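Here the structure is a predicted model, which is why all the values come from computation and not from measurement.
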Amino acid sequence: IDQLGTAANIVMRDGNSTCSGGGLHVVKGENITFENMQVECPVTFTGSHSAVVTIRHKDAPGLVFNSKIVGCNINPQPGNRAVNAIHVDRADQTIIDGNQLYCDPASGVHIYIGPDARNTIIGNNKYYNSTTGAEIDPIIDDSGIGTVGVWKDATITLVGWSAQGTSTEHPPGYFKDRDGQVQLRGRVSGSAPAPGT
């Protein structure tokens, strides 16, 4: 499904696609829903932006509005130029939720969020290694504005404090979900700071 132009209010649902290009490539439009789709790219990839699903307005500073990628199984397959499951850029209010997303951790990411993506919402997806099939931590490259639902590293700025933990623990970070709740993770330690520091 390619080059939807200025189409609006489109739902693509309950499909199964094996292709060499992207399973979905939206270049304009609004209110696009991609739901319960199974998409694989098992052969040499010929699509755009190295991704199976791309939501990206073709003309800067235009934006694709209100896209939903929900309940899909998106697998680039290892060894192809389609290294990312989803690519979002020049888009506003994109929801990615309830999907099974694959990538090869050595060469790609599950979700790429570009610098011109706004208000991308990452829900409860499952993330897999496309080479081994094992479930892994999400690999998300986020340069967007206002992204929700992605763990971000926390910089420790207090003098004398540092991150603790083993190589199997996550570094200090924070996460804001769709409801505005903020979670923290990781361990830090240091000397007692002066009051007000």
Working to the nearest 0.5 Å, report the span between CD of E135 and CG of D137.
9.0 Å
Crowding at CG, D59 (>12 non-hydrogen neighbours, <6.0 Å)
yes
Distance-only donor-acceptor check, side chains E40 and T18, under 3.5 Å
no
If we ignore hydrogens and angles and just use 3.5 Å, is the side chain of N99 paired with the main-chain N or O of L101 as donor and acceptor?
no
Start with the C-alpha gap between N119 and I145, add the side-chain angles, then the distance that decides, and say whether side chain to side chain contact (heavy atoms under 4.5 Å, CB included) holds.
CA-CA 6 Å; N119 307 309; I145 301 166; 5.9 Å; no
Heavy-atom nearest pair, V39 first then F34, reads CG2-CZ, 3.9 Å
In terms of the angle between their ring planes, are H87 and H49 parallel, tilted or perpendicular, with boundaries placed at 30° and 60°?
parallel
Here the pair of heavy atoms bringing V188 nearest to P172 is CG1-CG, 3.7 Å
Do I122 and I69 belong to the same hydrophobic cluster, where Ile, Leu, Val, Met, Phe, Trp and Tyr are linked whenever their side-chain heavy atoms lie under 4.5 Å apart, directly or via other members?
yes
Kindly say whether Q181 contributes a backbone atom to a donor-acceptor pair with the side chain of D179 at under 3.5 angstrom?
no
Check whether the side chains of D104 and S130 place a donor and an acceptor atom closer than 3.5 Å, and report yes or no.
no
More than 12 heavy atoms from other groups under 6.0 Å of NZ on K126:
no
Short side-chain donor-acceptor distance under 3.5 Å, T168 and T166:
yes
Heavy atoms from other residues, nucleotides or ligands near CZ of R90 exceed 12 (cutoff 6.0 Å):
yes
Can Y112 be reached from V52 by stepping across I, L, V, M, F, W or Y side chains whose heavy atoms are under 4.5 Å apart?
no
Pick out which of T147, V109, T120, I111 makes a side chain to side chain contact (heavy atoms under 4.5 Å, CB included) with I140.
I111
Within the side chain of D97, is there an N or O that forms a donor-acceptor pair under 3.5 Å with the backbone of N124?
yes
Quick check against the 3.5 Å criterion: does H110 have a side-chain atom that pairs as donor or acceptor with the backbone of Y128?
yes
Short N-O contact, R187 and E169, less than 4.0 angstrom
yes
Side chains of N73 and Q100: any donor to acceptor distance under 3.5 Å?
yes
Can you check whether S191's main-chain N or O pairs, donor with acceptor, with W161's side chain at less than 3.5 Å?
yes
So if you build clusters from Ile, Leu, Val, Met, Phe, Trp, Tyr with side-chain heavy-atom gaps below 4.5 Å, do I113 and I96 land together?
yes
Has T132 got a side-chain atom pairing as donor or acceptor with A134's backbone, closer than 3.5 angstrom?
yes
Tell me, with the steps shown, if V26 and H57 meet side chain to side chain contact (heavy atoms under 4.5 Å, CB included).
CA-CA 7 Å; V26 177; H57 200 288; over 6 Å; no
Closer than 3.5 angstrom, by distance alone: can the side chain of N84 be matched with the main-chain N or O of G108 as a donor-acceptor pair?
no
Decide whether I95 and I55 are clustered together by the hydrophobic rule: side chain heavy atoms of Ile, Leu, Val, Met, Phe, Trp, Tyr closer than 4.5 Å, transitively.
no
Can I10 be reached from V88 by stepping across I, L, V, M, F, W or Y side chains whose heavy atoms are under 4.5 Å apart?
yes
Report the C-alpha separation of V64 and E30 in whole Å, then their side-chain angles, then the decisive distance to 0.1 Å, and conclude whether the side chain to side chain contact (heavy atoms under 4.5 Å, CB included) test is met.
CA-CA 6 Å; V64 177; E30 59 186 26; 6.0 Å; no
